[in-house]
Amino acid sequence: MSALSPIRPWSVIRHIVLIAGALVMLAPFIWMLSTASKPQTEIFSSDLHLIPYHFALWDNLCTAFEKANLWRFLLNGLIVTVAIFGLQVLIALPAAYALAKLRFLGRDVLFALVVFCILIPPQATAIPVFLLLHKLGVLDSYAALVLPFAISVFGIFLMRQFFKTVPDDLIDAARMDGISEFGIVWRVMLPTAIPAVTAFGIFSVVAHWNDYFWPLIVLNSEHLRTPPLAVAHFRNNEAGTNYGPLMAAAMVIIAPLVIAFLFAQRRFIEGITLTGIK
Amino acid sequence: MSEASTALGEMAIAPKAGARASRVRRTGRSPAGYALAGPAFALMLMMLIGPLAGVIALSFTDYQLGAPSFSWIGLANYQEMFADRVFWISLKNTLTYVAIVVPGAVALGLGTALLIQSGTSLQSWYRTIYFLPVMATLIAMAIVWEFMLHPQFGLVNGLLRLAGLQSHSWLQDRATALYALCVIGIWQAVGFNMVLFLAGIVSIPKQLYDAAEIDGAETAWSRFALVTWPMLGPVTLFVVVISAIRSFQVFDTVQVLTKGGPSKSSEVLIYTMYTESFEFFRSGYGAAVTVVFLGFVLLLTLVKSVLGGREVHYA
C-alpha cells in the first residue's frame, strides 16, 4: 500500500473523500450540539446556521435537568451497568475456569451448550423471561433490569478461550500451595486475565448502557428509568416543542460513553468489536 | 500475589511435582468443576435455554399475559399470522431493511477501511470519527436524526432548500419512512464494519502484494482485485452475516421514531413482536412472530458456518 504514497493526487482524493464521509458521520453530533446551544427562536427559524447568534447551551441544559431528573437516570444507568458486569464476572469466570482447566463429566456438553447459547438473540427469549420475572414478582425493579443479563455465555466463552492459554503449571503450583479451586479462579486466573476482562467489561457496559429494548419492556416507574428510556420519554413529552433542551438531554445521555471512548479509543474499539464473535 | 504464583509455577516444572499435580487433577477435582460451573449452568437454563424452549412452546398456545389459564391450540397462531396482512407487511419491510442496510453498511465499511489504509496520515482520526456512531446511544441519536429530518427546521431539508430542491417529511411519509430508517441504520453500522475490515486488511501479508507486483499487478485496482479482495473473503462473509443479524433486530429507531407507521409502512418483525406481546399482551401470538424471527437468525448463522469453513480472525 505504501507504493501509493508517492502519487500526490491520490493522497488528496483520499482526504477529500474521507473528510466528506466524516462530515456525514459527524453531522448528527454537530447538529445536536448546535441545536442544544440555540435559543428557542433560533431553533424555529428556517434560516440555516450552525453557530448560534445567542449562546443558550447552559439554559437548555438547565431546562433539561429541571424537566427530567437526569442525574437520577444517569445514576440508574451506572447502577444497572455495574451490577450487570459485576454479576457477569462473578458467574462467568468460575465457569470459564472449570471449562478450560478442570475435568468433569459433562464438560464438553456444557461447553457445547455455551456455544449454542451465544447464537440466541436477546429478543428471542424476551417473552418467557418477562413471564418468569412476572411470576417472581420482580418486574419494574432493578432486579428485572439486571437478572436476565447476569449470565453472559459470551463472557464464559471469551474467558474460557483466554484461560486455555494459561499454563497448567501455574495452576498446579497454586494447588500445591494449598489454594482452593475457588481461590485459584480469583487469585491466579483473574490477575492473568485483566486485559480480557477489561475488553469484556467495555463490551458489556456499552451494550447495557445503550440498551433500550429490555428496560422498555420491564419498567414502568419513572425513578428506575435508564438513560435511553429517559431520553425517549423526554422526547415523547416534549414532542415538537422543546428541541433545545431535548438535544441537551441527548447530549448528556451519550456523553459518558463518548468521552470515555475518546480517551481510550483503542480499548473501546477492541471491546466493542468483540461482538464480532457472536 | 500473581508474581509469587509465577515463581511457584516455575518450580512446578520439575517432573515429579508436575506428575503429582496432574494425578490430583484427574482424580479428585470433579466436584470443584460442578461447583464452579453450576451457577452459570443454572442461569443458562433459567434465562436462555428454558426461555428459548418456552417461546417455541408458547407459540402453540393461546396464552395471554395475566390470563388464569391457557390451552394448546396447535398451529392456530401460525395460521392467524400467515393470514394477517400486517405480518406480511412486517416481514416484507424487515427484508427490505436488511436488503438495503447490509449492502450499504458493508460496502461503505469496506470502502472506508480501504481508503483509510491506503495512506498513512490521519488514520486514527478517521477511525475514531467513523466509529463514533457505534458508541453513541442509538436512542439519543435517533431523536437527533428525527430533528435533522424535521420538515421545516431540520438540517436535511434546510440543505435541500439551499440546493433549490423540495423539502420533504421523510419520517411522516409512508413512501420514505422505511428508507429514512435504513439511512440511520447504515450510518450507525458503517464504523463497526470498518473496524472489522481494517483488522482484516492489516493482517494480509505484505509479501502477497510484492508477489502480485512481480506478476505485473501495477495499478491499485489490480492489487485490490488480485490480493486484497480474495484475502478479505472470510472477513467479508463474516461482516455480511453479522450485519444481517443486526439488521433483523432493528427496533429502537422504529419504536421511537415511527411506531411502525405511517400506516404500517415501517412495521418490522421485532416491533410487531413487541406490540403483540407487550402492548396487547398476546404472548402466544407474539411468540409465533418471535419464532419466525429466530428462524431467519438461525438460517443466517447456518449460512455462515457452511460457507465459512475456517475461522475468521479480527482485531
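Bear in mind the structure is a predicted one, so any value in this text is a computation, not a measurement. In what follows, chains are A, B, ... by sequence order, proteins preceding strands, each numbered from 1.
- Residue Tyr130(B) touches chain A through both its backbone and its side chain, counting heavy-atom pairs closer than 4.5 Å.
- Across Gly158(B), Ser283(B), Pro39(B), Pro51(B), the residue that shares the most heavy-atom pairs under 4.5 angstrom with chain A is Pro51(B).
- For Phe147(B), the parts lying near chain A are the backbone and the side chain together; criterion is any non-hydrogen pair under 4.5 Å.
- Contact count against chain A (heavy-atom pairs under 4.5 Å) is highest for Leu155(B) among Val55(B), Leu155(B), Leu43(B), Asp252(B).
- Contacts between Gln188(B) and chain A at a heavy-atom distance below 4.5 Å are absent for every atom of the residue.
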Q. Could you walk me through whether Val190(B) and Met25(A) pass the side-chain contact (heavy atoms from CB on, under 4.5 Å) check?
A. CA-CA 9 Å; Val190(B) 166; Met25(A) 299 311 270; 4.1 Å; yes
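- Proximity to chain B (any heavy atom under 4.5 Å) is shown, for His15(A), by both the backbone and the side chain.
- The contact between Ile129(B) and chain A is made by backbone and side chain atoms together, counting heavy-atom distances below 4.5 Å.
- In this structure, the portion of Met273(B) lying under 4.5 Å from any heavy atom of chain A is its side chain and not its backbone.
- Counting only distance, with no hydrogens or angles, the side chain of Arg14(A) and the backbone of Gln117(B) share no donor-acceptor pair below 3.5 Å.
- For Ala126(A), the parts lying near chain B are the backbone and the side chain together; criterion is any non-hydrogen pair under 4.5 Å.
- In this structure, the portion of Glu146(B) lying under 4.5 Å from any heavy atom of chain A is its side chain and not its backbone.
- Proximity to chain B is limited to the side chain of Gln265(A), based on heavy atoms less than 4.5 angstrom apart.
- Ranking Asn157(B), Val291(B), Val256(B) against chain A, the residue ahead of the rest is Val256(B), based on heavy-atom pairs under 4.5 Å.
- Within 6.0 Å of CZ on Arg161(B) lie more than 12 heavy atoms contributed by other residues, nucleotides or ligands.
- Across all their heavy atoms, Trp187(B) and Val24(A) have their closest contact at NE1-O, 3.7 Å.
- With hydrogens and angles disregarded, no donor-acceptor distance shorter than 3.5 Å links the side chain of Asn210(A) to the backbone of Leu138(B).
- Phe248(B) does not touch chain A: none of its heavy atoms, backbone or side chain, sits under 4.5 Å away.
- Atom CZ of residue Phe41(B) and atom CD1 of residue Ile151(A) lie 10.5 Å apart, to the nearest 0.5 angstrom.
- The minimum heavy-atom distance between Phe293(B) and Ala124(A), with the atom names listed, is CE2-N, 4.3 Å.
- Between Phe104(A) and Gly33(B), the closest heavy-atom pair is CD2-CA, 3.7 Å.
- Within the 4.5 angstrom heavy-atom criterion, atoms from both the backbone and the side chain of Thr112(B) approach chain A.
- Between atom CZ of residue Phe130(A) and atom OG of residue Ser277(B) there is a gap of 9.5 Å, rounded to the nearest 0.5 Å.
- With a 4.5 angstrom heavy-atom cutoff, Ile156(A) touches chain B only via side-chain atoms.
- The closest side-chain heavy-atom distance from Thr125(A) to Met47(B) is not below 4.5 Å.
- In plain terms, the two heavy atoms of Leu36(B) and Tyr97(A) that are nearest each other are CD1-CD2, 3.5 Å.
- Counting heavy-atom pairs closer than 4.5 Å to chain A, the top-ranked of the candidates Ala136(B), Gly54(B), Gly154(B) is Ala136(B).
- Judged by distance alone, the side chain of Tyr212(A) and the main-chain N or O of Thr137(B) form no donor-acceptor pair under 3.5 Å.
- When heavy atoms are compared at a cutoff of 4.5 Å, Leu159(B) approaches chain A by way of both its backbone and its side chain.
- Within the model, atoms OH of Tyr34(B) and CG of Leu105(A) stand 4.5 Å from one another, a figure rounded to the nearest 0.5 Å.
- Between chain B and the options Leu93(A), Leu18(A), Ile127(A), heavy-atom pairs under 4.5 Å are most frequent for Leu18(A).
- Atom CD1 of Ile143(B) is separated from atom CE of Met247(A) by 7.0 Å, given to the nearest 0.5 angstrom.
- The two residues Leu48(B) and Ile120(A) come nearest to each other via the heavy atoms O-CD1, 4.1 Å.
- In this structure, no portion of Leu99(A) lies under 4.5 Å from any heavy atom of chain B.
- In this structure, the portions of Val114(A) lying under 4.5 Å from any heavy atom of chain B include both its backbone and its side chain.
- For Leu132(A), the part lying near chain B is the side chain, with the backbone staying farther off; criterion is any non-hydrogen pair under 4.5 Å.
- Counting heavy atoms from C-beta on, the side chains of Pro121(A) and Leu294(B) come closer than 4.5 Å.
- The choice from Val289(B), Val239(B), Ile116(B) that makes the most heavy-atom pairs within less than 4.5 Å of chain A is Ile116(B).
- Between chain A and the residues Thr128(B), Thr301(B), Ile270(B), Val297(B), the most heavy-atom pairs under 4.5 angstrom are made by Thr128(B).
- In this structure, Met135(B) CE and Phe261(A) CZ are separated by 6.5 Å, a value rounded to the nearest 0.5 Å.
- Interatomic distance, Phe278(B) CZ to Leu216(A) CG, rounded to the nearest 0.5 Å: 9.5 Å.
- For Phe149(A), no part lies near chain B; criterion is any non-hydrogen pair under 4.5 Å.
- Heavy-atom distances place the side chain of Leu131(A), and not its backbone, under 4.5 Å from chain B.
- Val17(A) touches chain B through backbone and side chain together, each having a heavy atom under 4.5 Å away.
- The number of heavy-atom neighbours closer than 6.0 Å to CZ of Arg107(A), taken from other residues, nucleotides and ligands shown, is above 12.
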**Q.** Verdict with supporting geometry, Met141(B) and Phe29(A), side-chain contact (heavy atoms from CB on, under 4.5 Å)
**A.** CA-CA 8 Å; Met141(B) 297 318 291; Phe29(A) 296 97; 3.6 Å; yes
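- Tyr243(A) has its ring centre no less than 6.0 Å from the ring centre of Phe153(B).
- With a 4.5 Å cut-off on non-hydrogen atoms, Leu115(B) touches chain A through its backbone and its side chain both.
- For Ala92(A), no part lies under 4.5 angstrom from a heavy atom of chain B.
- The candidate with the highest count of non-hydrogen atom pairs below 4.5 Å against chain B, out of Pro28(A), Pro94(A), Pro227(A), is Pro28(A).
- Counting all heavy atoms, side chain and backbone alike, Cys117(A) lies closest to Met44(B) at SG-CE, 4.0 Å.
- In this structure, the portions of Ile19(A) lying under 4.5 Å from any heavy atom of chain B include both its backbone and its side chain.
- For chain B, no part of Ser34(A) is nearby; none of its heavy atoms comes within less than 4.5 Å.
- Contacts of Met32(A) with chain B are made by both backbone and side-chain atoms, with heavy-atom separations under 4.5 Å.
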